[in-house]
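Here's the structure, in structure tokens; my notes come after.
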Amino acid sequence: MSKTSPIIMWFRQDLRLDDNPALIAAAESGKPVVAVFVFDEASEGIRKLGGAMRWWLHHSLKSLTKDLGALGVDLILRRGPGAEVIFDLAKEVGAENVVWNRRYGDAEQTVDATIKGDFEGEAKSYGGIIMHEPINVRTGTGNPYKVYTPFWKKFCEMGLPRDAHPAPQEIAGFGGDVASDNLDEWDLLPTKPDWSDGWLKVWTPGESAAQTRARAFMSDDLDVYDSARDLPGDDRTSRLSPHLRWGEISPYRLWQMAQDGRLSAGSKARETWVKELVWREFSYHLLQEWPDLANENFNTKYDSFPWRSDDEQLRAWQKGQTGYPIVDAGMRQLWQTGWMHNRVRMIVGSFLVKHLLLDWRHGEDWFWDTLVDGDPASNSAQWQWVAGTGADAAPFFRIFNPIMQAEKFDKDGVYIKKWVPELAKLPAKYLPSPWEAPLTVLRDAGVKLGDTYPRPIVDHKEARERALAALQEMREAVDG
Ligand SMILES: Cc1cc2nc3c(=O)[nH]c(=O)nc-3n(C[C@H](O)[C@H](O)[C@H](O)COP(=O)(O)OP(=O)(O)OC[C@H]3O[C@@H](n4cnc5c(N)ncnc54)[C@H](O)[C@@H]3O)c2cc1C
């Protein structure tokens, strides 16, 4: 292989310079680096990005272009089926090497395997999106883990396979002219309507913002994570999920920042937080082993579950018009900002699946379209967790009571008042269930149920009984 032939660095779910093993390998090869991002909606089986993720990707690519530009490297943008684009680009620039960090979706892995099989030069992959390769984390009998706690224990036993690497200081750029698409022409941003108005005040996509966010979280909130993480009104979780989704910051880097020598010294909050990073990891390991996690029940018993079909109620859930304020607050936070607090994701998920008896795949789909952090592994794994159909899932019969959840986790109603402003003048004690407020209280607060705010679309008690009856029906069908 020629020393001067360029090497292609293919960015995918790793839009960063720090701790990017493939980029380091490219830089250290001494060859001129051709950096490329391929917008691939054309390869077979690749799932199209949801609207909120497209918005994030646009801004993240702008940021990466700037960061690479500062090192003298252009980011080439191409659109089309990944393997074809890479073959064409390699031919154009005369590259004999291509490097990337691994992905774990089935369709993505098929693309990568095609390149590894058919590329005439050398195609090499690295691990950078998750911490351990799934093949290396096995039970005593050599099987993949299906239960989180032993997975976590194994993870702790194994430790991190490597330290986080600093970003390369220098990268040899490729001098030649290489055609690149114009990012604006990819139409990743919404236009008609532009629902992203104000989003750049809430979010700053890109590596440098990810690092700033991580540092701020570690210094201000990490040590109270244990007690604050379930309070959506406090909003003290890291909000790093969209940055992690696009790999703007590496889980190795975060693990090391959070650990800071203190995890072993017994900081419970730090341990709780890194355990969440390991939930992300667990989801990726599941995805590797069960590639159809977004479509198929992990627990196939649920294939005969008697889901209902009700477009009107699905729409009410999507739009935050169920009449249950904590559910509506979450769904509106999601619609307006592309993100929802984890506690509320569990509440709205349980409500869709158990109170409305609508298939979890409707929820997974809606989240995929509206979340900035819509993740190929975590979204489906977590929806299956909520629905009771997944690996190590919450049992179906554990049905969240949306009134009690609001009373417990949004005691003063800060979260509900923020996202359901038409109820903001109600005394906090009535916010979880406004229909229980006396008429005079409702009137004084300017609330007219069924007019300014919906009445509950289902009765909690009846919905709970119906869900349990559906579970029983499925059990009888399965057990004969
Ligand atoms: C129905 C449902 C769907 C979800 N869909 C997604 C999704 O598409 N993408 C996504 O990143 N997370 C998803 N989650 C998990 C979790 O809600 C978010 O990761 C979390 O709310 C992100 O906020 P944060 O960054 O402040 O998290 P923190 O509490 O600060 O946690 C740190 C990081 O750990 C990871 N993490 C935390 N909780 C989980 C979890 N339960 N499962 C997997 N990883 C976790 C995330 O990467 C997160 O950024 C979902 C949860 C539910 C219940």
Side-chain angles (χ1 to χ4, degrees), residues 13 47 49-50 52-53 56 105 129-131 148 151-152 202-203 210 213-214 216-218 220-232 234-251 253-255 257-258 269-287 293-294 317 327 330-331 333-334 337-354 360-394 400 405:
Q13 244 184 278
R47 188 173 186 185
L49 291 178
M53 277 188 276
W56 190 283
I129 289 169
I130 52 176
M131 293 179 269
Y148 174 78
F151 179 83
W152 158 254
V202 181
W203 299 110
R213 182 89 279 279
F217 171 72
M218 305 277 168
D220 302 343
D221 298 320
L222 179 55
D223 285 322
V224 295
Y225 183 74
D226 228 11
S227 54
R229 72 185 175 127
D230 268 323
L231 307 176
D234 274 15
D235 206 9
R236 294 189 74 174
T237 65
S238 73
R239 283 174 168 268
L240 283 164
S241 50
H243 298 292
L244 274 161
R245 159 65 176 91
W246 288 107
E248 296 169 355
I249 193 157
S250 104
R253 176 65 69 209
L254 287 173
W255 178 285
M257 283 172 84
R270 283 167 187 261
E271 179 173 320
T272 306
W273 192 72
V274 294
K275 271 180 150 169
E276 297 300 340
L277 285 183
V278 175
W279 265 105
R280 173 180 179 273
E281 186 94 0
F282 182 53
S283 307
Y284 272 91
H285 287 222
L286 290 173
L287 179 66
L293 212 54
W317 177 82
V327 174
M331 297 308 291
Q333 180 182 31
L334 173 61
T337 69
W339 186 88
M340 192 195 302
H341 188 278
N342 180 57
R343 164 62 45 186
V344 193
R345 292 189 202 203
M346 293 193 281
I347 298 171
V348 304
S350 170
F351 189 84
L352 179 82
V353 168
K354 299 174 187 177
W360 61 267
R361 281 158 280 227
H362 292 301
E364 199 274 345
D365 247 8
W366 183 253
F367 271 34
W368 181 261
D369 194 27
T370 52
L371 276 174
V372 282
D373 65 25
D375 188 276
S378 300
N379 197 36
S380 31
Q382 287 297 301
W383 269 100
Q384 295 227 36
W385 182 89
V386 165
T389 60
D392 200 11
F400 275 23
Q405 289 285 317

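Counting from 1, the numbers follow the sequence of the chain as shown. Atoms within a ligand are numbered from 1 in the order they appear, just like the ligands themselves.
- Note: Trp317 and Phe367 have parallel aromatic rings, judged against thresholds of 30 and 60 degrees for the angle between ring planes.
- Proximity of a side-chain donor or acceptor of Trp360 to a complementary backbone N or O of Trp385 within less than 3.5 Å is not detected.
- Residue, atom and distance of the protein heavy atom nearest to atom 5 (N) of ligand 1 are Asn379 OD1, 3.1 Å.
- Looking at atom 2 (C) of ligand 1, its nearest protein heavy atom turns out to be Gln382 CB, 3.5 Å.
- Looking at Ser283 next to ligand 1, no N or O pair under 3.5 Å apart turns up.
- Within the structure, the closest approach of Trp368 to ligand 1 does not fall below 4.0 Å when heavy atoms are considered.
- Ligand 1 is approached by Trp273 to a heavy-atom distance shorter than 4.0 Å.
- Ligand 1 has no N or O atom lying under 3.5 Å from any N or O atom of His341, backbone or side chain.
- Any N or O atom pair closer than 3.5 Å counts here, and Ser238 shares at least one such pair with ligand 1.
- Looking at every heavy atom in both residues, Trp368 comes nearest to Met53 through O-CE, 3.3 Å.
- Heavy-atom minimum distance, Glu281 versus Met131: OE1-N, 2.8 Å.
- Ser378 counts as a contact of ligand 1, since one of its heavy atoms falls under 4.0 Å from the ligand.
- Contact annotation for Trp339 and ligand 1: only side-chain heavy atoms (C-beta onward) come within less than 4.0 Å of the ligand.
- Ligand 1 lies less than 4.0 angstrom from a heavy atom belonging to Met346.
- In this structure, Trp152 and Tyr148 have parallel ring planes: the angle between them is below the 30° cut-off, well short of the 60° mark.
- Scanning the protein heavy atoms around atom 6 (C) of ligand 1, the nearest turns out to be Arg345 NH1, 3.3 Å.
- The atoms of ligand 1 that sit less than 4.0 Å from any heavy atom of Arg280 are 43 (C), 44 (N), 47 (O).
- Nearest heavy-atom pair across Ala258 and Arg270 is O-NH1, 2.6 Å.
- Residues satisfying the salt bridge (Lys or Arg N to Asp or Glu O under 4.0 Å) criterion with Arg345, sequence neighbours excluded, are Asp373.
- Distances shorter than 4.0 angstrom do not occur between any heavy atom of Arg229 and any atom of ligand 1.
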